[in-house]
Amino acid sequence: MDSETTEPGTWSGLALVVLTLIWLIGTPYLFMVAFGEGLRGSLGGPSDGDRATRFLIASAVVGVAAPALAAIVAGMTRRKSATWVFGVSTALCLLLVTAINGIGQREADSTPTREPLPPGYCVEHSGGGNDCPGG
């Protein structure tokens with residue numbers, strides 16, 4: 001192997017700094033944008049649920065991929081402590097994303113689906129006249 005790819009150097013240090021900034025700034029930013037989209041929709045404003053989902057997925061991908069790539073760069077340049085730090089961080093982020101996804105799936109599965117009302121069904125309301133046929 002070439003000595004430039006196995007020894008710590010300027011490019012690898014810069015790559016680690018950039019990946020760390022992407023991880024520590026990009027992940028919370030994408031999560032907050034997804035949260036804002038969901039909050040705007042729950043308050044009755046214009047919101048796109050698919051857009052919020054895409055930002056949430058992007059947050060999870062960046063949260064796992066950035067430290068994983070940093071661990072690979074640190075491992076290639078024989079930075080043992082950085083490799084351990086980014087490797088453990090990757091494992092913890094992956095565990096967190098998996099747990100949150102599992103909780104979300106369980107809540108989605110437990111939400112009862114309502115059967116559509118049959119055609120011509122009339123719902124009676126209290127406090128007013130009954131406009132339903134036959135009643």
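Numbers for residues simply follow the sequence, beginning at 1. Please read these numbers as outputs of a predicted model, since none were measured by experiment.
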Between F86 and V73, is any pair of side-chain heavy atoms under 4.5 Å apart? no
Applying a strict under-4.5 Å side-chain criterion to I, L, V, M, F, W and Y, I'd like to know whether Y29 and I22 cluster together. yes
State yes or no: do V33 and V62 share one hydrophobic cluster built from I, L, V, M, F, W and Y residues joined by side-chain heavy-atom distances below 4.5 Å, directly or via other members? yes
May I have the step-by-step check of side-chain contact (heavy atoms from CB on, under 4.5 Å) for L92 and L96, ending in yes or no? CA-CA 6 Å; L92 291 175; L96 180 66; over 6 Å; no
Grab the two heavy atoms, one from [X] and one from [Y], that are nearest each other, plus how far apart they are.
{"X": "A52", "Y": "A34", "result": "O-CB, 3.5 Å"}
{"X": "R79", "Y": "G13", "result": "NH2-N, 3.5 Å"}
{"X": "L30", "Y": "S59", "result": "CB-CB, 3.8 Å"}
{"X": "W23", "Y": "P67", "result": "CD1-CD, 3.6 Å"}

For the OG1 atom of T90 and the CG atom of L95, what is their distance to the nearest 0.5 Å? 12.5 Å
L21: which of V17, L24, V18 passes side-chain contact (heavy atoms from CB on, under 4.5 Å): V17
Counting distance only, does the side-chain N/O of T20 pair as donor-acceptor with the main-chain N or O of L16 below 3.5 Å? yes
Could you walk me through whether I103 and R106 satisfy the side-chain contact (heavy atoms from CB on, under 4.5 Å) test, starting with their C-alpha distance in whole Å, then the side-chain angles of each, then the deciding distance to 0.1 Å, before giving a yes or no? CA-CA 5 Å; I103 291 169; R106 187 173 50 209; 3.9 Å; yes
